[in-house]
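The next block holds one structure in the form of structure tokens; read it before the comments.
Order of listing sets the numbers, starting from 1, for every ligand and every atom in it.
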Amino acid sequence: MNPELLRYFRQRAELGEQELFLGGMTARELLTLAAGGTAPAPAYERPARGAARLREAIADAAPAAVTALDALRAEALACRACRLCDTRSMVVFGEGHAAARVVVVGEAPGAEEDRTGRPFVGRAGKLLDQLLLSVGLPREQVFICNVLKCRPPENRNPLPDEVARCAPLLHRQLEIIAPQVLIAVGKFAAQTLVGSDESIGALRSRVHTYRGMPLIATYHPAFLLRSPQWIRPVWQDFQLMRQVLDEQA
Ligand code: SF4
């Protein structure tokens with residue numbers, strides 16, 4: 001059997017799963033995905049029983065991080081440091097566990113995120129949930145945020161001065177959470193955290209370092225919705241992230 005699948009089955013067992021399912025995916029669909037086929041339509045999975053226990057344990061251990069993140073969130077909600085404050089509906093600070101072992105960093109809020117104030121909702125968010133679940137990480141166990149906290153109009157690319165003004169918020173988030181692994185999805189997140197202008201194709205499938213933290217770069221889920229042939233390589237990047245995480249346990 002494929003060693004990646006073996007690792008996946010072991011991770012699900014560690015989370016207390018008695019039978020295999022992945023957010024509505026069957027074993028056959030997972031095998032199709034692993035073999036290079038396209039993913040089925042994503043659907044959200046209930047948190048695993050083991051995940052709920054872990055979440056409670058981490059919450060008890062991280063009151064200082066919760067307080068620090070709340071203070072930073074209040075600062076971000078009032079931020080007017082760049083032009084995007086004039087066109088945003090909501091600041092999308094990020095969400096997840098204050099002591100998460102994994103932080104996912106994307107590019108910027110889209111229309112749905114701007115409307116709800118939550119990161120990675122909609123189809124791309126559902127696909128991200130699936131990718132995280134495929135390596136045994138329910139969304140509740142990670143922290144998810146973007147480089148920019150406000151939506152660029154018409155989803156245009158972030159401008160350099162916007163990244164420069166907003167990135168300090170991200171750096172402080174990561175300092176507070178202090179994850180064991182970072183995964184940057186999309187070019188802007190990867191280039192900002194790696195400090196490189198290389199393409200995402202050149203940056204993916206290897207381990208970088210951000211301020212001493214291991215960092216994996218890969219394609220953005222929104223790109224995968226348009227180019228599903230990249231789902232398997234991205235899944236392999238998530239497996240690499242899980243491998244790095246396991247090595248630190
Ligand atoms: S994008 Fe960042 S820097 Fe610009 S207004 Fe929003 S929070 Fe402030």
Could you go through residues 208-218 and list every donor-acceptor pair under 3.5 Å that involves a side-chain atom there, pairing it with any protein atom two or more places apart or in another chain?
residue : atom : partner : partner atom : Å
H208    : NE2  : L203    : O            : 2.7
Y210    : OH   : H171    : ND1          : 2.7
T218    : OG1  : D237    : OD2          : 2.5

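- Residue-and-atom listing of protein N/O/S atoms under 2.8 Å from atom 2 (Fe) of ligand 1, sorted by chain and number: C166 SG.
- Distance check: W230 CH2 to R204 CZ gives 6.0 Å after rounding to the nearest 0.5 Å.
- If you check which protein heavy atom lies closest to atom 5 (S) of ligand 1, you get R88 NH1, 3.5 Å.
- Expressed to the nearest 0.5 Å, how far CZ of R88 lies from CG of D114 amounts to 9.5 Å.
- Grouped with L77 in one hydrophobic cluster are V91, the linkage being side-chain heavy-atom contacts under 4.5 Å among Ile, Leu, Val, Met, Phe, Trp and Tyr residues.
- Here F143 pairs with nothing under the ring pair (Phe, Tyr, Trp, His ring centres under 6.0 Å) rule; sequence neighbours left out.
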Evaluate the salt bridge (Lys or Arg N to Asp or Glu O under 4.0 Å) criterion for residues R206 and E198: first the C-alpha distance (whole Å), next the side-chain angles of each, then the deciding distance (0.1 Å), finally the verdict. CA-CA 13 Å; R206 55 195 169 105; E198 288 185 276; 3.4 Å; yes
